[in-house]
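Have a look at the structure below before the remarks.
Chain letters run A, B, ... following the sequence lines, proteins first, then strands; residues in each count from 1. The structure presented is a predicted model; accordingly, all values stated were derived computationally and were not measured.
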There are 2 protein chains.
Amino acid sequence: MEKHDFRELFDRALASHQVFVFFCNCEIRYSGRAEAYLPRGDRLIIIKEDQSLLVHQPVNGNPVNYLKPGAELRLEAEDGLVLRARSGKDFLDVRLFRVYDAMAGKLEDGQKQVLQGNERDMSDMIKDNPELISPDFIPLSREEHTKFGFIDVFGHDGAGNLVVVECKRYTASLACVTQLRRYVEKIEELKGVRGVKGVMASPAISANALAMLEQWGFRHVAVQPPKRLERHNKGQSGLQGFF
Amino acid sequence: MEKHDFRELFDRALASHQVFVFFCNCEIRYSGRAEAYLPRGDRLIIIKEDQSLLVHQPVNGNPVNYLKPGAELRLEAEDGLVLRARSGKDFLDVRLFRVYDAMAGKLEDGQKQVLQGNERDMSDMIKDNPELISPDFIPLSREEHTKFGFIDVFGHDGAGNLVVVECKRYTASLACVTQLRRYVEKIEELKGVRGVKGVMASPAISANALAMLEQWGFRHVAVQPPKRLERHNKGQSGLQGFF
DNA sequence: ATATAGATCTCGTCA
DNA sequence: TGACGAGGTCTATAT
């Protein structure tokens with residue numbers, strides 16, 4: 001693609017807040033929170049209507065380089081073609097050796113994704129079904145920013161002991177256990193009590209994490225994160241009937 | 001764009017492992033680690049040569065939907081146009097109402113980014129310049145997976161006390177301090193000693209984190225992550241001379 | 001395969 | 001604005 005044609009497309013796309021994508025051969029320098037150099041190669045570059053910038057290599061899901069929305073973008077054509085961009089304290093210089101193909105379009109989309117099965121849904125489920133933790137667990141609050149910290153589910157047991165439940169939607173690690181421990185200790189310190197119970201609610205827990213959990217007198221309860229829309233793909237494109 | 005033309009482009013691009021991008025109006029359902037629904041709107045969809053899939057809305061840096069590399073992709077044209085994809089246990093159904101434009105290209109890129117200023121560089125710097133921690137700090141190892149955990153810099157002081165240094169390239173939080181505490185306690189437990197010193201090396205630390213750090217008798221040392229390529233953008237496109 | 005921790009993490013939320 | 005924690009986190013590395 002000719003330098004002149006690319007410039008025109010670039011200017012027009014950015015002026016009219018279109019999404020602009022192009023295939024190119026380039027070399028990239030990044031400077032900001034870190035420093036990086038990416039030698040010459042073919043990439044896909046995306047500039048969105050909010051002036052965010054993404055550089056994708058032909059493989060891997062994540063961009064190899066990026067700038068946050070609101071970037072200042074300047075296409076220089078003095079000594080070859082160079083895309084110079086800045087977003088806050090982050091700088092990106094893209095030296096363009098060739099542009100193979102480009103495409104621009106105005107995309108209309110005000111929708112937000114509806115997502116279920118996150119940690120919040122999990123703590124909801126436990127608050128509504130306290131027997132998942134133990135027969136005598138009585139929840140008092142959920143997802144609350146207390147002075148003790150952000151506690152997923154807080155309550156007490158039949159004997160009147162305070163209970164802190166930390167939910168994780170994945171296999172609980174050492175870091176998850178120390179997080180629970182931090183909340184328990186904070187409550188004991190601020191309330192001046194001892195024997196606060198800690199419960200890790202997660203589908204699984206690593207061996208080391210379980211050892212540390214038990215060392216601290218806490219316990220693990222196996223709980224699956226809820227997926228309320230599950231029916232959809234179970235019937236239509238689930239594991240059984242996909243291909 | 002005609003349904004037939006799109007199908008042809010799609011099939012050809014995937015068969016020849018090209019990167020394939022297109023603008024479309026669509027509705028998306030996701031099922032896997034969670035469940036999600038994204039109502040109808042205009043998006044940019046990217047299929048890379050490793051069969052990873054990205055769905056981008058016209059704003060925000062991150063993809064609203066994605067599948068990891070190695071996805072199985074099938075374009076169905078029975079009841080409208082539907083892109084059905086699966087990668088492991090993750091399913092994505094994209095109902096395509098319109099395809100505005102599409103572009104495919106074979107990208108050649110075997111390069112890896114060279115990045116500096118990460119936590120590893122920071123621990124390197126401390127190992128080579130132990131006076132950054134204290135005048136009498138003597139480092140013994142760096143970035144080592146020990147039975148105590150993954151410790152950034154490990155050493156001792158002039159009095160023979162063991163010292164654990166945890167590096168963070170950003171403002172240290174409560175979680176960072178508990179991580180340091182975990183390493184210190186593990187060492188004390190396994191070596192049967194007391195008084196192991198904990199040092200948090202980071203450019204800054206939050207007030208709560210500092211309080212917890214001092215409560216544990218640890219200390220904070222202000223250290224900036226190194227940026228060896230910094231000259232590049234300082235001279236050419238730094239804050240002063242960019243625009 | 002699982003476990004662990006970093007990341008130019010990003011993003012939301014609340015003080 | 002900073003702090004704190006979740007994330008369909010992802011990615012790299014070691015066991």
Ring centroids of B:Phe150 and C:dT4 base under 5.5 Å with planes under 30°: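 Stacking between B:Phe150 and C:dT4: absent.
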Considering every strand and a 4.0 Å limit on heavy-atom distances, what is the contact class for [X]: base, sugar-phosphate, or nothing?
X: B:Tyr170; answer: nothing
X: B:Gly61; answer: sugar-phosphate
X: B:Asn118; answer: sugar-phosphate
X: B:Ile151; answer: nothing
X: A:Arg120; answer: nothing
X: A:Asn62; answer: sugar-phosphate
X: B:Glu166; answer: sugar-phosphate
X: B:Asn65; answer: base

Which is more 5' along DNA chain C, the nucleotide nearest A:Lys68 or the one nearest B:Cys167? Just name the residue.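 Per heavy-atom nearest nucleotide, the more 5' residue is B:Cys167.
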Tell me which of B:Leu115 and A:Ala209 sits closer to the 5' end of DNA chain C, going by the nucleotide each one is nearest to.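 Result: A:Ala209.
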B:Arg74 vs B:Glu76, test: salt bridge (Lys or Arg N to Asp or Glu O under 4.0 Å). Steps then yes/no. CA-CA 6 Å; B:Arg74 175 201 265 177; B:Glu76 292 181 359; 3.1 Å; yes
Could you state the [atom1]-[atom2] distance from [X] to [N], rounded to the nearest angstrom?
X: A:Leu213; N: C:dA3; atom1: CG; atom2: P; value: 15 Å
X: A:Asp93; N: C:dT8; atom1: CG; atom2: P; value: 18 Å
X: B:Asn60; N: C:dG12; atom1: CG; atom2: C1'; value: 12 Å
X: A:His145; N: C:dA15; atom1: NE2; atom2: C1'; value: 9 Å
X: A:Ile205; N: C:dT4; atom1: CD1; atom2: C1'; value: 14 Å
X: B:Lys147; N: C:dA3; atom1: NZ; atom2: C1'; value: 19 Å
X: A:Tyr30; N: C:dA7; atom1: OH; atom2: C1'; value: 11 Å

Any ion pair linking B:Lys127 and B:Glu144 (charged N to carboxylate O, less than 4.0 Å)?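 Answer for the salt bridge query: no.
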Between B:Glu189 and B:Lys147, is there a side-chain N and carboxylate O pair less than 4.0 Å apart?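 Looking at B:Glu189 and B:Lys147, the cut-off is not met.
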Could you label the plane-to-plane angle of the A:His56 and B:His56 rings as parallel, tilted or perpendicular, counting under 30° as parallel and over 60° as perpendicular?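 Judged by the thresholds at 30° and 60°, the geometry between A:His56 and B:His56 is perpendicular.
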Indicate the ring-plane relationship of A:Phe20 and A:Phe10, choosing parallel, tilted or perpendicular according to the 30° and 60° boundaries.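 Taking A:Phe10 first and then A:Phe20, their aromatic rings stand perpendicular (interplane angle over 60°).
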Would a distance-only check, ignoring hydrogens and angles, find a side-chain to backbone donor-acceptor pair under 3.5 Å from B:Ser87 to B:Lys68?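 Pair found, side chain donor or acceptor close to backbone of B:Lys68.
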Between C:dA7, C:dA3, C:dC9, which one does the side chain of A:Arg33 approach most closely?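 Closest nucleotide among those given: C:dC9.
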Given that B:Thr171 and B:Tyr66 both sit by DNA chain D, which one's nearest nucleotide is further toward the 5' end?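 In this pair, the answer is B:Thr171.
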Taking for each residue the nucleotide of DNA chain D with the nearest heavy atom, is it B:Asn208 or B:Ser87 whose nucleotide lies nearer the 5' end?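 Result of the comparison: B:Asn208.
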Measure the shortest side-chain to side-chain distance between A:Leu132 and A:Val221 over non-hydrogen atoms and say whether it is less than 4.5 angstrom.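 No; the side chains remain at least 4.5 Å from each other.
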With rounding to the closest Å, how many angstrom separate the [atom1] atoms on [N] and [M]?
N: C:dA7; M: D:dG5; atom1: C1'; result: 16 Å
N: C:dA5; M: C:dC9; atom1: C1'; result: 13 Å
N: D:dG7; M: D:dT11; atom1: C1'; result: 14 Å

Over all atoms of both residues, closest heavy-atom pair of B:Gly61 and A:Leu54: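 Scanning both residues, the minimum pair turns out to be O-CD2, 3.6 Å.
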Could you pull out the closest heavy-atom pair between B:Gly32 and B:Glu35, with the gap in Å?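 Result for this residue pair: N-OE2, 3.9 Å.
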Results of side chain to side chain donor-acceptor pair (under 3.5 Å) for A:Asp90 - residues two or more places apart only: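 Once residues adjacent in sequence are excluded, the partners of A:Asp90 under the side chain to side chain donor-acceptor pair (under 3.5 Å) criterion are A:Tyr30, A:Arg33.
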Quiz item: cation-pi between B:Arg142 and B:Phe154, 6.0 Å / 45°: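 Pair B:Arg142/B:Phe154 does not count as cation-pi.
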Counting only non-hydrogen atoms, which of residues 173-184 of chain B are less than 4.0 Å from DNA chain C?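 Heavy-atom cutoff 4.0 Å gives B:Gln179, B:Arg182, B:Tyr183.
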Identify the 5'-most and 3'-most nucleotides of DNA chain D with at least one atom closer than 4.0 Å to a non-hydrogen atom of chain B.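 Listed 5' to 3', the contact boundaries are D:dA3 to D:dA14.
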